[in-house]
Amino acid sequence: MSSEETLWTASIDLIAWKSLDENEAVKKEEIQLRWLVDEEEVEKVMNLLQSNTVVKL
């Protein structure tokens with residue numbers, strides 16, 4: 001990544017989540033995940049994170 005490359009903040013609002021590494025119940029909690037992405041990753045993220053779907057991250 002060059003120092004002049006634009007970074008975007010990708011985010012997704014969660015209403016529930018579950019750790020797949022641990023054998024525990026789904027946590028019903030409204031939180032937001034945010035992370036930085038570059039130009040190449042921003043389109044991938046937009047395609048992956050559709051409203052009202054279950055996503056494995």
Side-chain angles (χ1 to χ4, degrees):
M1 176 169 54
S2 71
S3 61
E4 296 181 20
E5 187 170 6
T6 301
L7 293 178
W8 300 81
T9 300
S11 66
I12 182 172
D13 295 318
L14 303 178
I15 58 171
W17 61 278
K18 176 181 170 81
S19 173
L20 298 178
D21 294 334
E22 301 170 14
N23 190 16
E24 57 186 44
V26 171
K27 296 182 183 192
K28 293 183 181 181
E29 174 183 22
E30 292 188 24
I31 60 173
Q32 184 180 70
L33 300 179
R34 288 181 283 180
W35 65 100
L36 292 177
V37 293
D38 61 21
E39 292 282 340
E40 184 179 313
E41 294 171 314
V42 75
E43 196 156 325
K44 291 178 190 176
V45 171
M46 289 174 63
N47 291 332
L48 173 68
L49 304 177
Q50 300 297 318
S51 296
N52 303 312
T53 60
V54 174
V55 178
K56 181 179 178 181
L57 301 173

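Residues: numbered from 1 along the sequence shown.
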Do you see a donor-acceptor pair shorter than 3.5 Å between the side chains of Trp8 and Glu41?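 No.
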
Give a yes or no on this: more than 12 heavy atoms of other residues, nucleotides or ligands lie within 6.0 Å of atom [atom1] of [X].
X: Gln32; atom1: CD; answer: yes
X: Leu36; atom1: CG; answer: yes
X: Glu43; atom1: CD; answer: no

Minimum heavy-atom distance between Ser11 and Arg34, given as atom pair plus value: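 Here Ser11 and Arg34 meet closest at CB-CG, 3.5 Å.
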
What heavy-atom pair brings Asp38 and Glu5 nearest, and what distance separates the two atoms?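 Looking at all heavy atoms of both residues, the shortest contact is CB-OE2, 3.1 Å.
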
Sub-3.5 Å donor-acceptor pair from the side chain of Lys18 to the main-chain atoms of Glu24, do we have one?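 Here the side-chain-to-backbone pair exists.
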
To the nearest 0.5 Å, what is the distance between CD1 on Ile15 and CD1 on Ile31?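 One finds 11.5 Å between CD1 of Ile15 and CD1 of Ile31.
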
Residue pair Leu33 / Leu14, side-chain heavy-atom distance below 4.5 Å: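 Yes, side chains in contact.
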
Using a 4.5 Å cut-off on heavy atoms from C-beta on, say whether the side chain of Trp35 contacts that of Leu7.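 No, side chains not in contact.
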
